[in-house]
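Take a look at the structure below.
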Amino acid sequence: MDIDKLVRDNIKKMSSYSSARDEYKNGVEENLIYLDANESPFDNGINRYPDNKHNDLKTVVSKIKNIDKDQIVFGNGTDEILDLIIRVFCNPNNDKIITLPPTYGMYDVIAKTNSVENIEIPLKNDFSIDKNEILRLNSINTKVLFLCSPNNPTGNSFDYNDLNDLIKGFDGIVVVDEAYIDFSSKPSLINIINEYDNLIITQTMSKAYGMAGIRLGMGFSNKEIINYINKIKPPYNINILTENKALNELSKADQLNINISLILNLKKVLISCLKKLHFVEKIYKSDANFLLVKVDDADLRYGQLLEKGIIVRNRSNQYLCENCLRITIGTQYENKILIKTLNEL
Ligand SMILES: *Cc1c(COP(=O)(O)O)cnc(C)c1O
């Protein structure tokens, strides 16, 4: 596939912002006197601009994810990367994206912000992908297809063969949003990233890694696509506090897996408790750190929980999610209070 043909002309033609630090050759790094960027010279740890190439962070993430450094892009949250992807490929008022509701709400918001139409192709009743319909609507203007797997808010992962068939059959870019992949027993598509020209995978530090507050999202693709995203990326989008905190947290190698298995165990316990409640009608199978739960009356149950100081997400107004609450797995204590409260309703 010729990726160049998918990229907007204005992006192809432009050159990216050249920051002060880009213009000297990186050689000896020590004892340099920096008088090039109009920063304050007084050292307080944050007086210098951050590294716009995020070199240290890329080194660490490249090892963790087993992918080349030039196949990684970082964003101020995944949301920034999703926005950059739309802006690289979609001409406003002309091109379109495809999303599969019920799904993550930001795809639609970002598309509309960029005057890009969002074609919605709903999931089937069992939350699987309507592959034929997607491939039927595939055109030169449908530039980006967003697949969220495991999907938010339904919690299921999409069938591996369906995902591969779509990446193969779709004529535009396919973004697979793997925000919840660390909780899933299914493999990440990052393992097959080099088999496709048109695949972008996004992951995040916000969920399993426990760093939603520092805003750090990751995009993985081939070098060519990453270069285009880098071309329009705000150079200093990852600040020094974020980079340092991430490096520090990522150095605690075992903690991630400990936390993930804790959450998965707590999820099992929560499922068995929820099953016993008379007003719970269905608990959907989840590969993520949340459960989609169908109750008798979502508005009522949501309100009752809120009154007791427990906030869940009411997804009742979403397609296929009538009377569904989305409940994040909390600590053992939080889950216990939740169950106690639900039992008393
Ligand atoms: C939480 C979430 C993200 C993460 O977004 P960040 O901007 O990285 O915090 C991305 N995609 C989905 C589907 C999510 O649920």
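Every number for a ligand or one of its atoms is a count from 1 in the order of the listing. Computed from heavy atoms alone, side chains included, the values below leave out hydrogens, waters and symmetry copies.
- For atom 15 (O) of ligand 1, the nearest protein heavy atom (residue, atom name, distance) is Y180 OH, 2.6 Å.
- Distance from atom 9 (O) of ligand 1 to its nearest protein heavy atom, with residue and atom name: S206 OG, 2.6 Å.
- At least one heavy atom of C148 sits less than 4.0 Å from an atom of ligand 1.
- Checking N52 against Y17 by side-chain atom types alone, no donor-acceptor pair falls below 3.5 Å.
- With rounding to the nearest 0.5 Å, the separation of CD1 in I193 from NZ in K65 is 11.5 Å.
- The nearest protein atom to atom 12 (C) of ligand 1, hydrogens excluded, is given as D177 OD2, 3.4 Å; this is a heavy-atom distance.
- The option from M211, R215, K207, M218 that lies nearest to atom 14 (C) of ligand 1, judged by heavy atoms, is K207.
- For ligand 1, the atoms lying closer than 4.0 Å to a non-hydrogen atom of A179 are 2 (C), 3 (C), 10 (C), 11 (N), 12 (C), 14 (C).
- Short contacts between ligand 1 and D79, defined as distances under 4.0 Å to a heavy atom of the residue, involve ligand atoms 5 (O), 7 (O).
- With contacts defined as side-chain heavy-atom distances shorter than 4.5 Å, the pair L241/I214 does not qualify.
- For residues 69-79, every residue pair satisfying the side-chain hydrogen bond (donor to acceptor under 3.5 Å, both in side chains) rule, not counting sequence neighbours, is listed here: N55-K69, T59-K69, Q71-N194, D79-Y104.
- Q203 CD to I181 CD1: the interatomic distance, rounded to the nearest 0.5 Å, is 7.0 Å.
- By the 6.0 Å contact criterion, CG on N66 is open, its count of non-hydrogen atoms from other residues, nucleotides or ligands being 12 or less.
- Heavy atoms from both the backbone and the side chain of T78 come within less than 4.0 Å of ligand 1.
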